[in-house]
Amino acid sequence: SAGNIYYRGGISESTPAGTSWLRVPGGLKQIDTYQGEVWGSNSGNNVYKLTISCSGEPSLSSWKPHKTGLKKVAAGKLGLWGVDADNRVFKKEGDIWTVDQAVQLTDVSVGKSVLWGIGPQQQIYQRANGARDWTKIGGSLVQISVSERDHVWGVNS
């Protein structure tokens, strides 16, 4: 059913596709992972974190609540970022989420050295590591994803 969370078990060098999908307790509408943590938001726009063990298996501990009001969270080398229902952009700094007043986004993705986002009118934005401002990039998308190597993919509808 919609919102169920799954983890691909049995992944190894000899079995790179894994062996089966395993249901993880909880329900999310959106999910992202980075360095031993799984972050996601549920249908109520509440953010949760799950720690992954050294073996890559999900921890038996439960999801830990972190922030309410974010419809999207994205994790990566440049930190944890989120977007709320009013398209405000947040960055987690320690235990505090701060608002980035420079831009409004409906989607955000974190790469190795850049952030990418989508504005309310499907505009594309990019922010280099260390920069304070977002740069508008040509094109129109509704969703964007950037890899840990800064390769960018997008969807236009």
Side-chain angles (χ1 to χ4, degrees), residues 1-8 21-52 58-157:
S1 90
N4 288 339
I5 305 164
Y6 295 91
Y7 163 77
R8 186 69 177 171
W21 288 103
L22 307 170
R23 173 99 161 73
V24 176
L28 297 173
K29 67 176 180 178
Q30 180 266 321
I31 196 166
D32 202 5
T33 65
Y34 183 71
Q35 289 193 341
E37 297 174 339
V38 180
W39 292 88
S41 61
N42 67 9
S43 60
N45 290 337
N46 299 306
V47 174
Y48 293 89
K49 176 181 91 168
L50 182 70
T51 301
I52 303 170
S59 167
L60 295 178
S61 64
S62 62
W63 291 92
K64 307 289 186 217
H66 270 264
K67 168 116 177 105
T68 59
L70 295 181
K71 64 183 178 181
K72 165 76 187 238
V73 290
K77 185 173 182 178
L78 300 181
L80 185 66
W81 293 75
V83 176
D84 74 3
D86 294 323
N87 300 324
R88 292 182 302 171
V89 179
F90 290 82
K91 181 181 186 206
K92 187 173 189 300
E93 297 176 354
D95 291 333
I96 298 170
W97 289 82
T98 58
V99 178
D100 181 341
Q101 302 284 355
V103 70
Q104 286 193 320
L105 300 175
T106 59
D107 190 26
V108 65
S109 187
V110 183
K112 177 181 176 183
S113 62
V114 294
L115 301 166
W116 285 82
I118 304 299
Q121 280 75 49
Q122 301 179 359
Q123 331 78 305
I124 303 165
Y125 291 96
Q126 183 238 31
R127 178 178 163 175
N129 185 19
R132 289 187 4 198
D133 295 323
W134 292 79
T135 302
K136 191 172 178 184
I137 305 295
S140 177
L141 297 171
V142 297
Q143 184 183 5
I144 200 158
S145 183
V146 57
S147 74
E148 290 180 27
R149 293 184 175 172
D150 291 334
H151 298 166
V152 183
W153 293 76
V155 176
N156 70 353
S157 64

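Just so it is clear, the structure is predicted and the values come from calculations on it, not from any experiment.
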request  = Measure the spacing between CD1 of Ile137 and CD of Gln126 and express it to the nearest 0.5 Å.
outcome  = 5.0 Å
task = Verify the distance criterion only: is there a donor paired with an acceptor across the side chains of Lys112 and Asn129 at less than 3.5 Å?
result = no
query = Any sub-3.5 Å donor-acceptor pair from Thr106's side-chain atoms to Ile118's backbone N or O?
reply = yes
task = Please report the shortest heavy-atom distance between Val146 and Val110, naming the atom on each side.
result = CG1-C, 3.3 Å
key: Test item: Val24 and Trp63 side chains (from C-beta on) under 4.5 Å apart, heavy atoms   = yes
ask   = How long is the span from the CD atom in Gln143 to the CG atom in Asn156, to the nearest 0.5 Å?
value = 11.5 Å
query = In this structure, which one of Trp97, Phe90, Trp39, Tyr48 forms a ring-ring contact (aromatic ring centres under 6.0 Å, His included) with His66?
reply = Trp39
remark   = Closest heavy-atom pair, Ser109 versus Ser145, reported as atoms and distance to 0.1 Å, is OG-CA, 3.4 Å
key: Any side-chain donor near an acceptor of the partner, Asp100 and Trp81, under 3.5 Å   = no
ask   = Which one of Lys64, Lys92, Lys49 satisfies the salt bridge (charged side-chain N to carboxylate O under 4.0 Å, His left out) criterion with Glu37?
value = Lys49
Which atom of Asn87 lies closest to which atom of Val83, heavy atoms considered = CA-CG1, 3.9 Å
message = Quick check for you: to the nearest 0.5 Å, what is the distance between Asp150 atom CG and Lys77 atom NZ?
response = 9.0 Å
remark   = Looking only at heavy atoms, the pair that brings Val73 and Asp32 closest together is O-CB, 3.9 Å
Nearest-0.5 Å distance that lies between atom CD1 in Ile5 and atom CZ in Arg23 = 6.5 Å
ask   = So, do Val38 and Tyr7 sit near enough that their side-chain heavy atoms are less than 4.5 Å apart?
value = no
ask   = Closest approach of Ala102 and Trp134, non-hydrogen atoms and distance?
value = CB-CD1, 3.9 Å
request  = Give a yes/no verdict on a cation-pi contact between Arg127 and Trp116, requiring under 6.0 Å between NZ or CZ and the six-membered ring centre and an angle within 45° of the axis.
outcome  = no
message = Just to verify, what does Glu148 make a salt bridge (charged side-chain N to carboxylate O under 4.0 Å, His left out) with, not counting sequence neighbours?
response = none
key: Test item: Ser41 side-chain N/O and Lys71 main-chain N/O as donor-acceptor pair under 3.5 Å   = yes
inquiry  = Nearest 0.5 Å, please: how far is CD in Gln122 from CD1 in Ile144?
reply    = 12.0 Å
key: N/O donor-acceptor pair under 3.5 Å between Asn42 side chain and Gly44 backbone   = yes
task = Among Lys72, Lys29, Gln30, find the residue that satisfies the side-chain hydrogen bond (donor to acceptor under 3.5 Å, both in side chains) test when tested with Asn45.
result = Lys29
message = So, taking the atom named CD in Gln104 and the one named OH in Tyr125, what distance separates them when rounded to the nearest 0.5 Å?
response = 9.0 Å
request  = Quick one: closest heavy-atom pair of Val103 and Val89, and the distance?
outcome  = O-CG2, 3.7 Å
